[in-house]
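Heavy atoms only: backbone and side chains are in, while hydrogens, waters and symmetry mates are out.
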Amino acid sequence: MKKVCIVMGSDSDLKVMEGCINKLESFGVPFDVRVISAHRTPAAAEKLAKNAAADGYGVIIAAAGKAAHLGGVLAAYTTLPVIGVPIKSSFMDGLDSLLSMVQMPSGIPVATVAVNGADNAAILAVQMLALGDPSLTEKLAQFKADMQAKVEAKDAKVSALYSN
């Protein structure tokens with residue numbers, strides 16, 4: 001099974017990215033976590049991205065706040081899909097990070113989830129990996145069935161309490 005590489009621009013992003021880590025663990029997807037800055041360690045970002053496929057990764061998840069260039073820098077050096085997680089910062093509540101990620105130039109896409117949307121980044125990564133792994137497809141189907149059952153149970157509870 002291909003791995004996921006989770007890259008954060010700062011260790012302060014770890015609190016948000018724990019949701020991503022937990023979700024990947026729940027699907028049994030192997031991953032590595034790194035702290036690499038697009039601006040402070042650009043050579044390390046380039047090296048990671050250029051070697052990611054050879055190192056067994058199938059998807060890169062890049063979490064960054066403020067200027068949020070990490071996902072774009074990584075995407076520039078790899079053919080693997082890159083998923084960006086904009087991190088809410090003290091400035092503009094993460095809108096600056098979100099816009100930095102979604103406004104990539106033609107030819108350098110970064111699939112972007114919601115601000116602090118680490119869980120959805122993990123699910124999207126699993127969906128991408130599932131294209132070549134039927135066992136992940138089965139786990140995703142079960143995950144969606146479990147979500148449906150939870151909503152139906154909540155509906156029944158609320159409906160019983162407040163229906164005439």
Exercise. Within the distance-only criterion (no hydrogens, no angle test), does the side chain of S37 pair as donor or acceptor with the backbone N or O of G9 below 3.5 angstrom?
Worked result: no
For this session: Using modelled atom types only, decide if a donor and an acceptor are shared between the side chain of D133 and the backbone of S135 within a distance under 3.5 Å.
Result: yes
Exercise. Given the rule that I, L, V, M, F, W and Y join up when any side-chain heavy atoms are under 4.5 Å apart, are M104 and Y77 in one cluster?
Worked result: no
Exercise. Taking it one step at a time, do L48 and L74 satisfy side chain to side chain contact (heavy atoms under 4.5 Å, CB included)?
Worked result: CA-CA 8 Å; L48 181 138; L74 296 172; 4.1 Å; yes
Exercise. Is a donor on one side and an acceptor on the other found under 3.5 Å between the side chain of S100 and the backbone of A67?
Worked result: yes
For this session: Could you tell me whether a side-chain N or O of T137 sits under 3.5 Å from a main-chain N or O of A130, the two making a donor and an acceptor?
Result: yes
Problem set entry | Over 12 foreign heavy atoms within 6.0 Å of NZ, K88 | no
For this session: Please report the shortest heavy-atom distance between I83 and A125, naming the atom on each side.
Result: CD1-N, 3.6 Å
For this session: Determine, using the 4.5 Å side-chain heavy-atom cutoff (strictly less than), whether L70 and L98 are members of one ILVMFWY cluster.
Result: no
Exercise. At what distance, to the nearest 0.5 angstrom, does CE of M101 lie from CG of D96?
Worked result: 10.0 Å
Exercise. Does S159 use its side chain to pair, donor to acceptor, with the backbone of A156 at less than 3.5 Å?
Worked result: no
Exercise. Would you say the side chains of Q148 and E152 form a donor-acceptor pair under 3.5 Å?
Worked result: yes
For this session: Begin with the C-alpha distance, continue with both residues' side-chain angles, and end with the deciding distance and a verdict on side chain to side chain contact (heavy atoms under 4.5 Å, CB included) for H69 and H39.
Result: CA-CA 8 Å; H69 293 143; H39 303 110; 2.8 Å; yes
Problem set entry | Atom pair SG (C20) and CD (E25), whose distance is rounded to the nearest 0.5 Å | 10.0 Å
Exercise. Going from CG on L131 to CE on M128, what distance comes out if it is rounded to the nearest 0.5 angstrom?
Worked result: 8.5 Å
Problem set entry | Minimum heavy-atom distance between G117 and V113, given as atom pair plus value | O-CG2, 3.2 Å
Problem set entry | Approximate separation, where rounding is to 0.5 Å, of I6 CD1 and L24 CG | 5.0 Å
Exercise. Is a donor on one side and an acceptor on the other found under 3.5 Å between the side chain of N22 and the backbone of E18?
Worked result: yes
Seminar exercise, completed: Shortest non-hydrogen pair, V82 vs A62, comes out as CG1-CB, 4.3 Å
Exercise. Looking at CG of D119 and CE of M17, how far apart are the two atoms once the value is rounded to the nearest 0.5 Å?
Worked result: 9.5 Å
For this session: Check the hydrophobic clustering (I, L, V, M, F, W, Y; side-chain heavy atoms under 4.5 Å; chains of links allowed) and say if I60 and I108 are grouped together.
Result: yes
Seminar exercise, completed: For M1 and G28, the nearest pair of non-hydrogen atoms, with its separation, is SD-O, 3.8 Å
Exercise. Any side-chain heavy atom of C5 within less than 4.5 Å of one from V7?
Worked result: yes
Exercise. Does the ring of Y57 carry K3 above it, NZ/CZ under 6.0 angstrom from centre and within 45° of its axis?
Worked result: yes
Problem set entry | Sidechain-backbone polar pair: T112 side chain, V110 backbone, donor-acceptor under 3.5 Å | yes
Problem set entry | Side-chain heavy-atom pair K47, N51 within 4.5 angstrom cut-off | yes
Exercise. Between V102 and V85, is there a shared hydrophobic cluster once you connect ILVMFWY residues whose side-chain heavy atoms come closer than 4.5 Å?
Worked result: no
For this session: Taking the side chain as every heavy atom from C-beta outward, state whether D93 and L95 have any atom pair closer than 4.5 Å.
Result: no
For this session: Measure across L129 and G58 and return the closest heavy-atom pair with its distance rounded to 0.1 Å.
Result: CD2-CA, 3.9 Å
For this session: Report the C-alpha separation of Q127 and I123 in whole Å, then their side-chain angles, then the decisive distance to 0.1 Å, and conclude whether the side chain to side chain contact (heavy atoms under 4.5 Å, CB included) test is met.
Result: CA-CA 6 Å; Q127 289 175 321; I123 295 165; 4.2 Å; yes
For this session: Please check if V29 and V59 belong to a single hydrophobic cluster, counting links between Ile, Leu, Val, Met, Phe, Trp and Tyr side chain heavy atoms closer than 4.5 Å.
Result: yes
Exercise. If every non-hydrogen atom of F31 is compared with every non-hydrogen atom of I21, which pair is closest and at what distance?
Worked result: CZ-CG2, 3.5 Å
Problem set entry | Test log, rule side chain to side chain contact (heavy atoms under 4.5 Å, CB included), inputs K23 and F143 | CA-CA 11 Å; K23 191 65 71 180; F143 172 74; 3.7 Å; yes
For this session: Please round to the nearest 0.5 Å and tell me the distance separating atom NZ of K66 and atom CD1 of I87.
Result: 12.5 Å
